[in-house]
Amino acid sequence: MSKYTSFPEPMEDPNPFQDPAVTQHSSNTGYATLDLYNPFDNNTTTTGPPPPYEATSPSAAPVPAQTPPSRTTPTEPRNYGSYTSQTAVNATTAELLRKQEELEKKARELERRERELESHSLGPGASRQNNWPPLPAFCPVGPCFYQDINVEITQRFQRIVSLMYYFWMFCTCTLLLNLISSLAMFCVDPSGGVGLGLAILWAILFTPCSFVCWYRPMYKAFRSDSSFNFFVFFFVFFAQVVTYVIMTIGIPGWGFSGWIVSLAALKTSIPVGAIMMMNAVLFTSQAAIGVFMLKKVHSLYRQTDASFQKAQAEFATGVMSNQAVRQAATTAATTAATTAAQGAFTTPR
């Protein structure tokens, strides 16, 4: 039986991990690692236990450096996205600016209305103090009219009313220059005394009459949307424009330094002729601006509610509301009734 079975000696302890087929593939590192640790290896003098496992803490994410935010103005667009969104930002900024302008216009309109309400809250027996023309305090004659375009005129028509006021001032300056040129012509040619006299008359007559006859009706028409004042302005200002054309022509002996008189004055005195030529240019500009302003006011008139029927109604209401007219009508009616009654009683039967 021992012939077929053989057992190892008791002192022999075979180590399967010391097999040359295994040890030739093992690592030659000088320190023990987990993959080389053999718990069945008795050679503890050369190789120690594996080092304890140390968990490494995950590294914290780097904190970006904080930079102080840059201050931006209210109108400066902020770029929150890429460069492709800059167009949308600019469009939004333009829309905000447009809304801001509209709010400012509304604020000015509300302020104007507030001043208007304050001016109208004086009471039924009180009246606003006249402020035009602005005369000095020592002048014995005081202002004749109250005029405040920013208060009495709607913002929609303030521009045209201001332009008409400046045009009236331009016409006044042109008449004064016409007076100076006529005086210069009289100094050169004393036989032109009639022209100088008429130039003085036109300067004295046209300056106040133009203000009262066409500027004030236009002012009151836009102030209260008065159809009657619109028609008064159109009638008088059309006649004024025709007069401007006559001034531009310069008929001799009429007191206007127009083109005919200016060209004739060049033969007498070149300096005087040059002054009168300047006056003729101003007269031409005056006539052209007058035609333009007449068309401009007429276009604005068509945008209002004014009409010829309203003008007739306003005229009738204004005439009947006049105390002198009513007194005269009452007196005429009483006289007619008395005469008729007396005639009826004195008629023979």
Side-chain angles (χ1 to χ4, degrees), residues 132-136 138-145 147 161-219 232-298:
W132 199 96
L135 300 174
F138 61 84
C139 185
V141 181
C144 303
F145 306 99
Q147 176 176 306
V161 175
S162 301
L163 289 177
M164 291 298 291
Y165 181 69
Y166 296 145
F167 177 67
W168 174 81
M169 296 179 64
F170 172 71
C171 296
T172 302
C173 296
T174 305
L175 289 174
L176 293 178
L177 183 59
N178 178 68
L179 176 59
I180 295 173
S181 60
S182 299
L183 179 60
M185 186 63 188
F186 177 75
C187 295
V188 175
D189 186 9
S191 61
V194 178
L196 175 61
L198 290 176
I200 296 174
L201 177 63
W202 303 142
I204 296 175
L205 183 63
F206 284 164
T207 300
C209 289
S210 60
F211 185 86
V212 175
C213 295
W214 62 261
Y215 175 75
R216 286 297 297 179
M218 184 272 308
Y219 184 90
V232 171
F233 165 77
F234 289 138
F235 178 77
V236 178
F237 193 72
F238 178 78
Q240 185 73 52
V241 171
V242 173
T243 307
Y244 292 156
V245 175
I246 297 175
M247 292 179 180
T248 304
I249 296 173
I251 302 174
W254 284 38
F256 300 130
S257 301
W259 290 106
I260 297 177
V261 177
S262 301
L263 294 175
L266 288 174
K267 301 177 182 179
T268 305
S269 175
I270 295 179
V272 174
I275 296 175
M276 300 186 78
M277 289 285 289
M278 292 174 56
N279 211 151
V281 171
L282 292 178
F283 277 146
T284 305
S285 303
Q286 182 177 266
I289 296 174
V291 173
F292 174 77
M293 297 304 294
L294 181 62
K295 295 179 63 177
K296 185 70 175 178
V297 174
H298 185 263

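Just so you know, these numbers use all the heavy atoms, side chains as well, and skip hydrogens, waters and symmetry mates. Bear in mind the structure is a predicted one, so any value in this text is a computation, not a measurement.
Partners of Phe234 according to the ring pair (Phe, Tyr, Trp, His ring centres under 6.0 Å) rule, which considers only residues two or more places apart in sequence or in another chain, are His298, Tyr301. Partners of Leu201 according to the side chain to side chain contact (heavy atoms under 4.5 Å, CB included) rule, which considers only residues two or more places apart in sequence or in another chain, are Leu198. For Val232, the side chain to side chain contact (heavy atoms under 4.5 Å, CB included) criterion is met by Pro217, Phe228, Val236, not counting sequence neighbours. Scanning for side chain to side chain contact (heavy atoms under 4.5 Å, CB included) contacts around Pro140 gives an empty result, with sequence neighbours left out. Under the side chain to side chain contact (heavy atoms under 4.5 Å, CB included) criterion, Thr248 pairs with Trp259, Phe283, Thr284, Ala287, sequence neighbours left out.
Aromatic ring centres of Phe211 and Phe145 lie closer together than 6.0 Å.
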Run the side-chain donor-acceptor check on residues 260-276: report pairs under 3.5 Å with partners two or more places apart or on a different chain.
unit_1: Ser262; atom_1: OG; unit_2: Gly258; atom_2: O; d: 2.5
unit_1: Ser262; atom_1: OG; unit_2: Met276; atom_2: O; d: 2.8

All N/O donor-acceptor pairs, side-chain side in residues 163-171, below 3.5 Å, sequence neighbours left out:
unit_1: Tyr165; atom_1: OH; unit_2: Trp132; atom_2: NE1; d: 3.0
unit_1: Trp168; atom_1: NE1; unit_2: Thr207; atom_2: O; d: 3.2
unit_1: Trp168; atom_1: NE1; unit_2: Ser210; atom_2: OG; d: 2.9

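Atom CD of residue Gln286 and atom CD of residue Gln240 lie 7.5 Å apart, to the nearest 0.5 angstrom. Note: Cys213 SG to Met218 CE = 13.5 Å, rounded to the nearest 0.5 Å. The distance from atom CG of Leu183 to atom CD1 of Ile180, rounded to the nearest 0.5 Å, is 8.0 Å. Ile200 contributes atom CD1, which lies 13.5 Å from atom CG of Leu205 (distance to the nearest 0.5 angstrom). Taken to the nearest 0.5 Å, the OG1 atom of Thr172 stands 12.5 Å off from the CG atom of Leu177.
Counting only residues at least two apart or in different chains, ring pair (Phe, Tyr, Trp, His ring centres under 6.0 Å) contacts with residues 186-206 comprise Trp202-Phe206, Trp202-Phe256. Evaluation of the side chain to side chain donor-acceptor pair (under 3.5 Å) test over residues 176-191, restricted to residues two or more places apart or in two chains, returns Asn178-Ser257, Ser181-Ser257, Ser181-Asn279, Asp189-Ser191.
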